[in-house]
Amino acid sequence: MRSLVKTQNDKEFRKEQRSRRRDERRGIRRERRERVTLLASRWKSGFFNVFFSRFGLIILMIIFQALAMMTIWSFFEELIGNYILVVQTFFEIIVIIALINRPMDNSAKLSWLLLITLIPLAGTLFYVWTSIEMGYGTIKKRLTKITNDSSKLMVQSDAAMKKMESINFESAALGKYLEQYDSTAVFENVSVKYFPLGQDKFLRMLEELEKAEKFIFLEYFIVEEGYMWGRILDVLERKAKSGVEIRVMYDGTCEFSKLPHDYSKRLKNIGIQCRVWERIKPVITSSYNYRDHRKILVIDGKTAFCGGVNLADEYINRVEKFGHWKDTAIMLRGSAVDSFTLMFLQMWNVKTPAKNMEDFSQYFNRYDKSIRAEGCIIPYAESPLNNHKIAERVYTDILYSAKKYVYIMTPYLILDGELTAALRFAAERGVDVKMILPGIPDKKAVWLLAKNQYSYLMEAGVKIYEYVPGFVHSKIFLSDDIKAVVGTINLDYRSLYHHFECAAYMAGTPCIDDIHKDFDKTFEYCELITPEKIKSESILTKLIGAVMRIIAPLL
């Protein structure tokens, strides 16, 4: 009897197990179907949202213009017949001669020549289009005039220059160069606070914004709705209601993926003045090539912030996109704040009619004159209007004048011949050159391009590290415990040639010790790249990097 009961129980147990497994399999299949359906609906929704959005309309309009130009060319090709080939060849030869004689980096020339050789007509037209700066002429002329007219506001103090000479002769020589070609100045008695992470800057920003009494100027490459911008916007709205003048400026690319097209109007409705730098419009123009990559915050003319941190949640590690986000910034108090005020007002007034031009001087000379601090500061701006390549000159000056070491943090490594030569020469003459790059990239193809350059730099003695926890967005140069640069300028063609950028060159400031400590701490989380590791990379990785290297100057 017990045996019969046991057998019956075993049958019921096995039946129950089979039923449970069957339900589990059905549940798994149901989850898969729901996941596929959800993904399909998201893709469909995303596709239609993009296709029927302003972004989709702009893309369609640009494609339409390109097709129209191709149609016109085909019409003339049929009309003129064989003569079109002669005209086209003659045109290409003229363009190539002009390209070779143009004062441009040789690697950029080679990239353009390759493009013109592979796709002669399209490559030639593309080069001509970028060279004539179609659609950018008016902006260029206007900004040049504003810069020239307002440069008189930057007066070089003899005392500050003498102090810089006593700190470091090479830095003083660089200061004289920047005074002449970038309309900036050497400043003394400027207190500088260094922030090793974006969240550190963010917390201090909130504190300083709460102190604002007269005006707040913000100029950022990226502004994105979320926790960080929400907290800042809350303060700005309250300050605007209390009578503080608020101005916000962001780059036009934000409207594609970060903000609604009418966001500037929404800000105006709550009392915040807003301007967008070069909105993307359904018109083919080379002005899209010149982006406002600066990150500037000026409060009452007394405090200024600069660095790599944009106004979006990944920059303060509130959300994770590419692992831990390593970014840095500085806060300045003292006379150097006037320089960042000038940078902001110059960009803000580009679209202001000449007859309505405001008086910049009303926002100057408001800093705390009682501040006493060691060292000197040179705020400087990089502009595609400036043919002197200011940003690259500062970086190469540090490399050529270094005696002991140069430490660098950069998210991208797309070097031209001058920077490559400077890095190699510094290492070859015994300078300890160390570079920290991302361990987790935000742009895979650009990351592979950077890897393509590792071997050539390491061959000369440059030590390259990758930040294992995530993405490095910092833009820092540190040398010999006496010089440092913190700003927005990457080691790539975009920052060095095409973007509006800003930074602060520091000599003898106490915060340089904090920057050194941050490098030492960051190295602990990095992996030193060895020749063996480079050899272990896949053939596909090396191939993609090699191909990307060919078109690097065009990225």
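Values below: every heavy atom of this structure, side chains too, minus hydrogens, waters and symmetry copies.
- Side-chain contact between Leu174 and Tyr505 is present, with heavy atoms from C-beta onward closer than 4.5 Å.
- Residues Asp397 and Arg393 fail the side-chain proximity criterion, which asks for heavy atoms closer than 4.5 Å.
- Under the 3.5 Å distance criterion, the side-chain polar atoms of Arg291 are matched with a main-chain donor or acceptor of Glu278.
- You'll find the ring centres of Phe344 and Phe217 inside the 6.0 Å limit.
- The residues Glu208 and Lys201 are annotated as not salt-bridged, no charged nitrogen and carboxylate oxygen being separated by less than 4.0 angstrom.
- Residues Tyr467 and Thr522 bring no donor and acceptor atom of their side chains to less than 3.5 Å of each other.
- Separation of the Phe500 and Tyr290 ring centroids does not fall under the 6.0 Å cut-off.
- Nearest approach of Ile377 to Ala504, heavy atoms of both residues: CG2-CB, 4.3 Å.
- Of the possible polar contacts, none joining the Glu418 side chain to the Thr396 backbone as a donor-acceptor pair under 3.5 Å is found.
- Heavy atoms only, all atoms of each residue included: Cys376 and Thr509 are closest at O-CG2, 3.8 Å.
- Heavy-atom contacts from other residues, nucleotides or ligands closer than 6.0 Å to NZ of Lys211 number more than 12.
- The aromatic rings of Phe202 and Tyr227 lie perpendicular to each other, with more than 60° between the two planes, well past the 30° mark.
- Residues Leu478 and Lys483 fail the side-chain proximity criterion, which asks for heavy atoms closer than 4.5 Å.
- Of the N and O atoms on the side chains of Tyr497 and Glu382, not one donor lies less than 3.5 Å from an acceptor on the other residue.
- For the residue pair Ile512 and Ala484, the shortest heavy atom distance occurs at CG1-CB, 4.0 Å.
- Both tests do not hold together for Lys434 against Tyr465: distance to the six-membered ring centre under 6.0 Å, angle to the ring axis within 45°.
- Listed for the Lys326 side chain is no donor-acceptor partner under 3.5 Å among the backbone atoms of His324.
- In this structure, Lys389 places its NZ atom where more than 12 heavy-atom neighbours from other residues, nucleotides or ligands lie under 6.0 Å away.
- In terms of heavy-atom proximity, Val486 sits nearest to Thr328 at CG1-OG1, 4.5 Å.
- Under the 30°/60° scheme for interplanar angles, the aromatic rings of Tyr315 and His473 are found to stand perpendicular.
- Proximity of Glu224 to Leu311: side-chain heavy atoms (C-beta onward) are nowhere separated by under 4.5 Å.
- Using a cutoff of 4.0 Å between basic side-chain nitrogens and carboxylate oxygens, Glu245 and Lys239 are not scored as salt-bridged.
- Ion pairing between a basic and an acidic side chain is recognised when a charged N comes within 4.0 Å of a carboxylate O; Asp481 and Lys404 show no such pairing.
- Using modelled atom types, one finds no donor on one side chain facing an acceptor on the other under 3.5 Å when comparing Glu179 with Thr184.
- Looking at heavy atoms from C-beta onward, Lys176 lies out of side-chain contact with Gln180 at the 4.5 angstrom threshold.
- Using a 4.0 Å cut-off between charged side-chain N and carboxylate O, Glu358 and Arg247 make a salt bridge.
- The closest donor-acceptor contact from the side chain of Ser474 to the backbone of Ile476 lies at 3.5 Å or more, if one exists at all.
- Side chain to side chain, Tyr194 and Asp518 meet the donor-acceptor criterion of an N or O pair below 3.5 Å.
- Two rings, from Tyr181 and Tyr177, have their centers less than 6.0 Å apart.
- In terms of heavy-atom proximity, Leu496 sits nearest to Ala391 at CD2-CB, 4.0 Å.
- When atom types are taken as modelled, the side chain of Asn490 and the backbone of Pro411 share no donor-acceptor pair closer than 3.5 angstrom.
- Between the Asn189 side chain and the Ala373 main chain, a donor and an acceptor come within less than 3.5 Å of each other.
- Formation of a donor-acceptor pair under 3.5 Å by the Asp300 side chain with backbone atoms of Lys302 is not found in this model.
- Looking at Arg366 and Glu213, no side-chain N of the basic residue comes within less than 4.0 Å of a carboxylate O on the acidic one, giving no salt bridge.
- Checked against the 6.0 Å centroid criterion, the rings of Tyr363 and Phe215 qualify as a close aromatic pair.
- Salt-bridge annotation for Lys517 and Asp513: present, with a side-chain N of the basic residue lying under 4.0 Å from a carboxylate O of the acidic one.
- Summarising the geometry of Tyr400 relative to Ala421, their closest heavy-atom pair is OH-C, 4.2 Å, with the distance given to 0.1 Å.
- Ion pair Glu524/Lys521 not flagged as a salt bridge, since none of the NZ, NE, NH1 or NH2 atoms sits closer than 4.0 Å to an Asp/Glu carboxylate oxygen.
- Both the sub-6.0 Å distance and the 45° axial angle are satisfied by Arg424 relative to the ring of Tyr456.
- Between Tyr250 and Trp277, the ring centre distance reaches or exceeds 6.0 Å.
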Inset, instruction - Kindly determine whether Arg204 and Glu207 satisfy salt bridge (charged side-chain N to carboxylate O under 4.0 Å, His left out), including the steps that lead there. - result: CA-CA 5 Å; Arg204 190 56 179 269; Glu207 290 180 22; 3.8 Å; yes
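- Inter-residue side-chain proximity for Glu219 and Met347 is flagged as met; some heavy-atom pair is nearer than 4.5 Å.
- The backbone N or O of Ile489 sits less than 3.5 Å from a side-chain atom of Tyr395, completing a donor-acceptor pair.
- Interatomic distance, Ile414 CD1 to Tyr412 OH, rounded to the nearest 0.5 Å: 9.0 Å.
- Val248 is listed as a side-chain neighbour of Leu236, based on a closest heavy-atom distance under 4.5 Å.
- Ion pair Glu374/Lys163 not flagged as a salt bridge, since none of the NZ, NE, NH1 or NH2 atoms sits closer than 4.0 Å to an Asp/Glu carboxylate oxygen.
- Taking 4.5 Å as the limit, every side-chain heavy atom of Val309 sits out of range of all side-chain heavy atoms of Trp325.
- Listed by chain and number, the residues in a ring pair (Phe, Tyr, Trp, His ring centres under 6.0 Å) with His516 are Tyr405, Tyr407 (sequence neighbours excluded).
- Under a 4.0 Å N-O distance rule, the pair Lys145/Asp149 qualifies as a salt bridge.
- The main-chain N or O of Arg275 is never found under 3.5 Å from a side-chain atom of Ser264 such that the two would form a donor-acceptor pair.
- For Ser495 (side chain) and Leu491 (main-chain N/O), no donor-acceptor pair under 3.5 Å exists by modelled atom type.
- Look at Lys451 and Glu466 and you find a salt bridge, because one of the NZ, NE, NH1 or NH2 atoms lies within 4.0 Å of a carboxylate O, short of that distance.
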